[in-house]
Every structure is written in C-alpha cells, then in structure tokens.
Amino acid sequence: MYNLLKMLQVSYIRENREEVLNRLSVRNFKQPELVDQIIKLDDDRRQTQTQFDSVSAEANAAAKQIGDLMRQGKKEEAEAIKAKTGTFKEQIKSLGEKLSAIEILLQNELVLLPNLPHSSVPKGIGADDNVVVLENGQIPVLIQNALPHWELAAKYDIIDFELGNKIAGAGFPVYKGKGAKLQRALINFFLDHADAAGYREMQPPIVVNEASGFGTGQLPDKEGQMYHITVDNLYLIPTAEVPVTNLYRDVIVKEEELPIKNCAYTPCFRREAGSYGAHVRGLNRLHQFDKVEIVQVVHPDHSYQVLEQMSSYVQSLLQALELPYRVLSLCGGDMGFTSAKTYDMEVWCAAQARWLEVSSVSNFETYQSNRLKLRFKGKDGKAQLAHTLNGSALALPRIVASLLENNQTESGIRIPAKLVPYTGFEWIN
RNA sequence: GGAGAGAUGCCUGAGUGGCCGAAAGGAACAGUUUGCUAAACUGUCGUACUGGCAACGGUACCGAGGGUUCGAAUCCCUCUCUCUCCGCCA
C-alpha cells in the first residue's frame, strides 16, 4: 500500500504544474487534464493519510497503555480501555482501504504521464518534425544493378531468411559462413570499443521477470511487444537496457561511484506485432537481433553532457565503419514515452536509398530511476534520484544491411578496414 | 521433478506477542588522540509518507498479501523468491 510506484514524482508535478503542462505540450500530449486529476487525487491521498495516521497514533497509544496497565496488574483499567479500541480498528480499516483505493487510482493515472521533454527538444507530432542535427560521410555511388541487402545475402549465401522461416518463423534469420563471422566480428568490435571508452562489460540474463520489465518501463505499456514465457512468467528481453538498468533497481549508490558505465551484448527479441511489408524486408526489422547496448547512471548535473558524449561515441563507431550517417534530435511527439531527450542515429542504405535507424541514445533523467528507486547518496547523506541514459552501440542488422548495400562492388562486398582484424577477411565474395 | 531449510537495516546476524525501527559485530562517515603505510577511543549511521518556518513530531515498512489480537518481526493462511540434499542434465 505504501510502495507507490511513481512515474513522474507527484511532488514535482504539484510544485511545477505550469511547467509540466508546457513541457507535455511539446510532446503533443493528448491528456493534459491528467495533471490536474493527479494533483486532486494527491490532495485526497494526503488528507486520507493524515486521518489514517492520527487514528493509528491514538490506537497505538491505547495499545501501549493497555500493555503498561496489564504489567502493573491493573486489569480492570486495562479492560476499560480495551473496550474503547473497537472503533479505532474499524476506522483504521476503512481509512486504510480508502487510502489504498486512492493510491491505486493515482498510480493508474501517473503511469499514463510520459516523461517531460527537455527544453531543447523540438516541438512536434511525428517523424517529420525531427530535426537533423548533422550528416556525416560520403553517400556512396553504387555500381550498376546494385542489389538490396536481402538479395546480396542470398547471392553470397551469408544470411538465409528461408531457413530461419523453417525453424522459427519470419524475422529469425540464419547467418551462415561469412555472414555468421561478420556478426561475431561486429559484436566484438563494438564491445572492444565500448571497453576502451570506459564501459564495463556485463553479460546479463536475456530473460527478465515482471519487476524488471516494469522497472525500465516496458511493462505495463509495451507488454505485447515482448515475448512472454508464460509457464515461468519471464520475458525475453527486447534490449539489454532492461537487465542492465535493472541491475540498479532498489539500489542507493555512493555519489563517488558515479558515473556508472556499463555495456552489454545480448540478443534482443521483439514481437513487432502488426509490422509487415517492404519496409520491414530483410534485415530491416527482425524478431531476434543482436545489439551492444551502453548504459550510464550519472549525477543529474551531468546527464546532458553525458548524452552528448554518448552521441559522439556512437558516431565514432559509425565513422570507424565508414558508414554515412545522420543524427536526428527527436521531436517531442516522436520520442519514447520514458525519454526526456533522444538522438537517433541513422545510416544510409544505398540500395534501398533510405535512412535506417541504428541507434537511439536517450536521457531518461529521473523517469527510470524513479521507477527503479535508483538513488545516490552524497556527502550530505541525502538520497536523491540519479539520472539514467542508454544507447545502442550498436544494433547489428541494419549496420549489416548498410555495409552490404553500400560496399557492394562487382567483385564482392568490401569489409571496412577497421573491421578486418575482427572478421579475418576483407571481402565477402 | 522429489524432500527439507530459510527470507530482518549497507553486510553478518540476534530477536517466538507489548519495554523492538529492531541487540551485537563489521563496513562507512565525522571527531579526538597516538602515529610513517595503521591502530585506539567517541559520536553518527535504513527508507518512505506526513505535520511544522524551524526545533521537533506522527505514521508505515523486519520477502509480498491477507488473518488472529487491545497490541505482531514474533502466531495462522496464501503467494513469491533463495538455499541445501536427491534425481535429471549442459
């Protein structure tokens, strides 16, 4: 009953009503009336809590008195007080029930509030309103009769979508030969770079329990997006963000331990219910894919600086792979529910002639840490919520798609120089 | 899968109905003192909600939820999780 899981902190909403409304409008949030409903419910909650507390205090005092009298052998006096305690019990029960009911209502409304966008986030409703922050790299000129990656994959027999269909289903490709080696090479390439950038490698479980799904915000909002193992009530992770961030659930770290920088390679599983068609062909969207994720837990004063660092870091990977990319600052309406600010990195897929998202780097400020109860304690001894950030660094399939398409030549597909030490071959042919 | 044990504060760990928000030890922090990589002593040392300008109070929390009782960490029920042994197995 007291384990209220808040999304935004109610106290913050109370004290900054106008600002909350303004910032939600940047997201084009459709239910601003929720804010006032929440404040109203919180008023009720406080009032009820106060009543509950004072009746409990009386009851506690009476119980204590009875105990004292009994010990002194004054049985009659004790019985007299005892007779009066019945009403406390009833009141405590009904006030307690009322309090729980209000808290559930409050909770239900609170989970509907998304994070507040940072002041630098552009206003907007969808992908068209995202702002291109920068573009980098050469758009390649392709050979005649250039092929999209799914045809290249078949031509060189390195990724087999049909076989995956047979043994699992659509969206579960089988990587073969140099295709499989390329996967392994990219994973190691990304992990080594993350390590060099100070991220500590973790190897977490790829299934998580309900509490973890809730901690990072996948539950209850995105329940249908995750594969659910119902017999054991576990979820296949949609990203390493879930297990790695949940490492710090219910944790109070010391201020000097910040920043915490972790990275992890995991397969990721997404049901992607309802998506089909040309845009999700080949590697463009899969049910299972590989990704290296970077996660940071930082002091609130530094989180935006860290966001920029993480963005630069991800870009450095794309540069090393010689891939043309652009960075988008997502508009309010296109940002994830839990994010305060997000950069998307997109690579150019030359044969498809389109940009594909390969990374999303976000600052969640206290939104996740509030759910996780992830706090840090400074010299003053006060615990306060830390900021969390994460980003893909990187997701493999679209990197592979882009590498195949952009680097195709008459004589095969060229592997970028910095990746060759990892693949052990320079060409796929 | 079968059998058993357990879940207490940062950690170890005591506590079987009131004097327990909780002993003790350790860790950590602050101070004193001696002092060359350290020790000794003293103090502080859970979280959340809530009242108050504050000082300082109130309430809740001993895995979760319910019950018994004037009163529950302690008794009862349900659930979850962990550990040990056996079985199976990478």
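Below, chain A is the first sequence line, B the second, and so on; all start at residue 1.
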As a quick check of understanding, evaluate side chain to side chain contact (heavy atoms under 4.5 Å, CB included) for A:D44 and A:L106, giving each step before the final call. CA-CA 10 Å; A:D44 288 353; A:L106 185 56; over 6 Å; no
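- In this entry the distance linking NZ of A:K373 with P of B:rC61 reads 15 Å, nearest Å.
- Separating the C1' atom of B:rC53 from that of B:rG63 is a span of 40 Å, rounded to the nearest Å.
- For A:R184 and A:Y422, the positive end is not near the middle of the six-membered ring at less than 6.0 Å and at most 45° from its axis.
- B:rU44 and B:rG57 have their P atoms separated by 15 Å, given to the nearest Å.
- Within the 4.0 angstrom heavy-atom criterion, no nucleotide atom of any strand lies near A:D68.
- Here A:C268 contributes atom SG and A:F289 contributes atom CZ; the two are 4.5 Å apart, rounded to the nearest 0.5 Å.
- Proximity note for A:K89 (side chain, C-beta onward) versus B:rU69, B:rG46, B:rG51: the nearest is B:rU69.
- Separating the C1' atom of B:rU80 from that of B:rA27 is a span of 30 Å, rounded to the nearest Å.
- A ring-centre distance under 6.0 Å is found for A:Y304 and A:H118.
- Separating the CE atom of A:M70 from the C1' atom of B:rC70 is a distance of 8 Å, rounded to the nearest angstrom.
- The side chain of A:D53 approaches B:rU59 more closely than any other nucleotide in the set B:rG51, B:rU59, B:rG18.
- As rounded to whole Å, 16 Å separates atom C1' of B:rC70 from atom CD of A:E76.
- The P atoms of B:rU69 and B:rC56 are separated by 40 Å, rounded to the nearest whole Å.
- Distances shown here put a side-chain N or O of A:K377 below 4.0 Å from the OP1 or OP2 atom of B:rU47.
- Comparing B:rG18, B:rG51, B:rU59 against the side chain of A:A63 picks out B:rG18 as the nearest.
- Side chain of A:R45, nearest nucleotide from B:rC49, B:rC70, B:rU47: B:rC49.
- Taking side-chain N and O atoms only, A:N60 has a distance below 4.0 Å to OP1 or OP2 of B:rU59.
- Between the CD atom of A:E257 and the P atom of B:rA28 there is a distance of 13 Å, given to the nearest Å.
- The distance from atom CD1 of A:I252 to atom P of B:rC29 is 17 Å, rounded to the nearest whole Å.
- Mapping A:R71 and A:S54 onto RNA chain B by nearest heavy atom places A:R71 at the nucleotide closer to the 5' end.
- Atom CG in A:L95 sits roughly 14 Å away from atom C1' in B:rA60 (whole-Å rounding).
- Separating the C1' atom of B:rA22 from that of B:rA73 is a span of 8 Å, rounded to the nearest Å.
- With distances taken from any side-chain atom of A:Q49 to the nucleotides B:rC49, B:rU59, B:rA48, the minimum falls on B:rC49.
- On the P atoms, B:rA14 is 14 Å away from B:rA23, given to the nearest whole Å.
- Taking OG of A:S339 as the reference point, atom CG of A:N115 lies at 7.0 Å (rounded to 0.5 Å).
- Rounded to whole Å, the separation between the P atoms of B:rG87 and B:rC20 comes to 48 Å.
- Per the geometry, CD1 belonging to A:I92 stands 13 Å off C1' belonging to B:rU69, to the nearest Å.
- A cation-pi arrangement is found for A:K178 relative to A:F425, the charged atom lying closer than 6.0 Å to the ring centre and inside a 45° cone about the ring normal.
- Computed from coordinates, the A:L99 CG to B:rU50 C1' distance equals 11 Å when rounded to whole Å.
- A:H299 has its ring centre less than 6.0 Å from the ring centre of A:F376.
- Residue whose closest nucleotide on RNA chain B sits further toward the 5' end, between A:D42 and A:K82: A:D42.
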Test side chain to side chain contact (heavy atoms under 4.5 Å, CB included) on A:S392 and A:E241; report intermediate values, then the result. CA-CA 9 Å; A:S392 355; A:E241 165 195 346; over 6 Å; no
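- Nearest nucleotide to the side chain of A:F52, out of B:rG51, B:rU47, B:rU59: B:rU59.
- Counting non-hydrogen atoms under 4.0 angstrom, A:A57 reaches the backbone sugars and phosphates but no base.
- For the P atom pair drawn from B:rC70 and B:rG6, the interatomic distance equals 30 Å after rounding to whole Å.
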For RNA chain B, produce a single dot-bracket line, 5' to 3'. Pairs: Watson-Crick or G-U wobble, both distances under 3.5 Å. Symbols: ( ) within strand, [ ] crossing, | other strand, . unpaired. ((((((((.[[[..)..(.....]]].(((((.(...).))))).((((((....)))))).[[[[[..)....]]]]])))))))....
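- For the atom pair A:K93 NZ and A:E97 CD, the distance stands at 5.5 Å (nearest 0.5 Å).
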